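Naming convention: chains lettered A, B, ... in sequence-line order (proteins, then strands); numbering from 1 in each chain. On a predicted model such as this, the values are computed, not experimentally measured, just so you know. All heavy atoms count here, side chains included; hydrogens, waters and symmetry mates do not.
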Amino acid sequence: MISSVEPIPVTVLGGYLGAGKTTLVNRLLSGDHGRRLAVLVNDFGEVNIDVDLITSHDGETISLQNGCVCCSIADALGESLDRVLALDPAPDQVVIEASGVADPAKVAAYGYGWPGCRLDAVIVLADAETIQAKAKDQFVGELVTRQLRGADLVLVTKSDLVSPEVLDSVLDWVRSIAAVPVLPVSRGEVDSEVVLAMSRSDLDVGSARVVTRGTSPLTDAEAMFETATLALPGPVNRARLEAAMSLWSQDVVRVKGIVWVAEADGGNAQPHVVQRVGLRWSIEPATTNIDQETEGGRLVVVVLRGTLDAAALINDLVDAE
Amino acid sequence: MADITVFTARRVRTMEASMPTAEAVAVRDGRIVEVGTLENMAPWLDGYDHEIDDTFSDHVIMPGFIDPHLHPSMAAVLLPMEFTTVVEWDLPWSDIGAVGGRVELLDRLIELDAKLEPEAPLFAWGHHPIWHGEVDRETLNGISATRPVIVWHRGYHSMIVNDACYRWMDIDLEAARRHPQIDVDRGAFFETGLGVAYRHMNGFLLGTERFRAGLDRMRQVIHHGGQTTIGDAAMGMYGFEDEWEHLKAVMERPDTPFRIQLMPFDMGPLGDEESDEAMIERILAYPQRNTHRLRFSDHVKMFADGGFFAELLMLKSPGHLDGRHGEWMTPPERFERVARAFWNAGLRIHVHCTGDLGVEMVLSTLEKLQSERPRFNHRFTFEHFGISSAQQVARMAEVGALASVNAYYVYELSRAFADHTLGYERASQMSRLGSLERAGIRFAVHSDFTMAPAKPLNNAWVAANRLNESGEVMCANERASLDAAIKAITSNAAYVLGLEDEIGSLRWGKQADFTILEADPYDVGAEGLRDIPIWGTVFEGEKFPI
């Protein structure tokens, strides 16, 4: 059923009711990001898509002009996943909106275990205004805390609705629960680049260059994140690459791209798919032929606005020529 | 044919306080015209052509038994399988002994392998590691190298298969190997891993022929238990319209001696795709499709916390013995929103609810709804009622709640849960009934079949004795009285379903539904309830011997 060799990245969006998952889903579905996303949602009723963008709606699946589809989970996640994996052409990435009472770490099993998939990341959203109260709630407190602990990356939403002091204390509190990057986002405007993974369309022959095509729909002044493409002048030593993945600041929210990796025992450097979300990273041999645009490949980095130092990041990987 | 048939009996046990016993029941067109003595019935018998039927002259006529909560569709999937549980099953087509340990399980599998058609998959349901130890792929390869062998967990929590099953499933083992909840070497699928297994098996398990054969077995099971009315407590689990067609084809037949009260639920096909108003409108329209035996009403099902056998109940402090966590099946906020919509629409709400935190969530919601918009006669029912406290029972009484209890948990699970899940104090008090009775709360007992055998007398026996499979009495103070245990399968079960004017006791005007026993339970006493032989039933005036 899955003809391509590259598994499809699966990203799990978790978080309790009201955390802003649906807002993010709406944004992903209508965004001009150039990816064919398949978004699996619990509740069609909440999805709010401009009707002009809808090309078909067959009851279980909504197809959009930008190539994205939205599919209802309706109690059977495995079936919905199969349905979108069988689409022709296959989606670039699957985003699962976990139910508000699900443990997203459990849902993640569908990412790393389902045939044809790989887990990209578990991204958990938390409402800045309510997360601490929810964590003390007698019915859901334990669950809400467990959701945060299962995250690779936490987005604290509605951060513009609390004072800077409160926001700081919320961020510190979340960090005390979950030892992963914790990022504030405002007005429901999560840059879709944070969610977008390296996908198979990026790996099609000759298209390594398009990994940068995801564009932020926000104006510069509003954007929380900025994106840069690092063109690597030469192959990267594996140990050095692994060290960078482990040690790069948590301000570097996402890393994705193709890197020619040189092994310690010499031999020709080989292209590898590199992914990093929060503390989760992987370096896998690319199984698709890829044109070598630069000596060392390219990495796209999404960083917190104002923290980008591209030269320093490149220096961490490859010595300047 | 005579206008009136009078069934005489050694005793008629009416379950009506005004006249607890009688000698005869006169029936016309499937309904009772009078209960009493032949002598007192003279005005009817003088006025109409009648016949006396003394088939039951040596038997006891009881109101037809009612099991208000079971799942015909789940049973239809399971009943074509082989049963290998730690407790015995007396099924109409065979008596299945208890499979007490690992050796017994393997012996049973060898025996079944020899019996089945060469190519047929062997599905064995009932494995539980607490009793049966671990079973793996190699073990099952030893049972058969050519036949798919599938050993399914008692609480549907895991599945173990052999190599022949991998071939039959045509599963991509390399992909399966990456799944954290599939252990390819052991042949084990857990939780989300089960989803992978089901997608290769559902075509087989839910195929029309097999499913309808399973439903037909369910028909026999219900008849053999002596039930004349059952409640399907979540119609549409495998797809609403498919199930409806299957039920009509298999159950709506002249030789089906019972009716099914169907309860739609607020998830899946009814849940998230539409507004609460549209969902309610749909639920209110279902009775328009009622047939003679298949009936919707104004009762609706909701879910709070996870399954009891699967140990996914939500607990208050001190939680699970081993620190594991339960699950909410419905987020508390959504539960409150939907429950309020149902409440305000006048629907009667039944809630699946297993742990004391689940009870707390549901009870606090009910208290809120009662204060916002007080209702009487609302029949709000706590279903299953695994773990609760006496203080919660007192609050349930305040707001008029009912309970439909799986008493059988005590029999099969109280010792295992005391040792492994809850500790003794809570485990011994699971499915508390004595407290309900003392608080004046009307309760039914149910089987949730296949969680418990669909045998009302057996469930009443557990309720009144609280003996477990190890022979211990678990919390004698939570036993139901004999009278309450019998009401829990007759008059109070009818009340829970909102059918008390139609069934549940014997008096003028009610359906002529009887369960015919060899002895009067009130003579036999609590200890002997489960051993009372059942002759058969009468459904709407027609005799159906077993």
How about Asp152(A) and Val180(A): do any of their side-chain heavy atoms sit closer than 4.5 Å?
-> no

Which bit of Glu360(B) comes within less than 4.5 Å of chain A, counting heavy atoms only: side chain, backbone, both or neither?
-> both

Please look at Met361(B) and chain A and tell me whether the side chain, the backbone, both or neither of the residue comes under 4.5 angstrom of a heavy atom of that chain.
-> both

Any Lys/Arg nitrogen of Arg146(A) or Glu142(A) sitting under 4.0 Å from an Asp/Glu carboxylate oxygen of the other?
-> yes

Heavy-atom pairs under 4.5 Å with chain A are the metric here; pick the option from Ala176(B), Gly326(B), Pro332(B) that has the most.
-> Pro332(B)

Is chain A contacted by the side chain of Ser317(B), its backbone, both, or neither, given a heavy-atom distance below 4.5 Å?
-> neither

Determine whether the side chains of His325(B) and His320(B) contain a donor N or O and an acceptor N or O closer than 3.5 Å.
-> no

Mind checking whether Phe240(B) and Trp244(B) have ring centres under 6.0 Å apart?
-> no

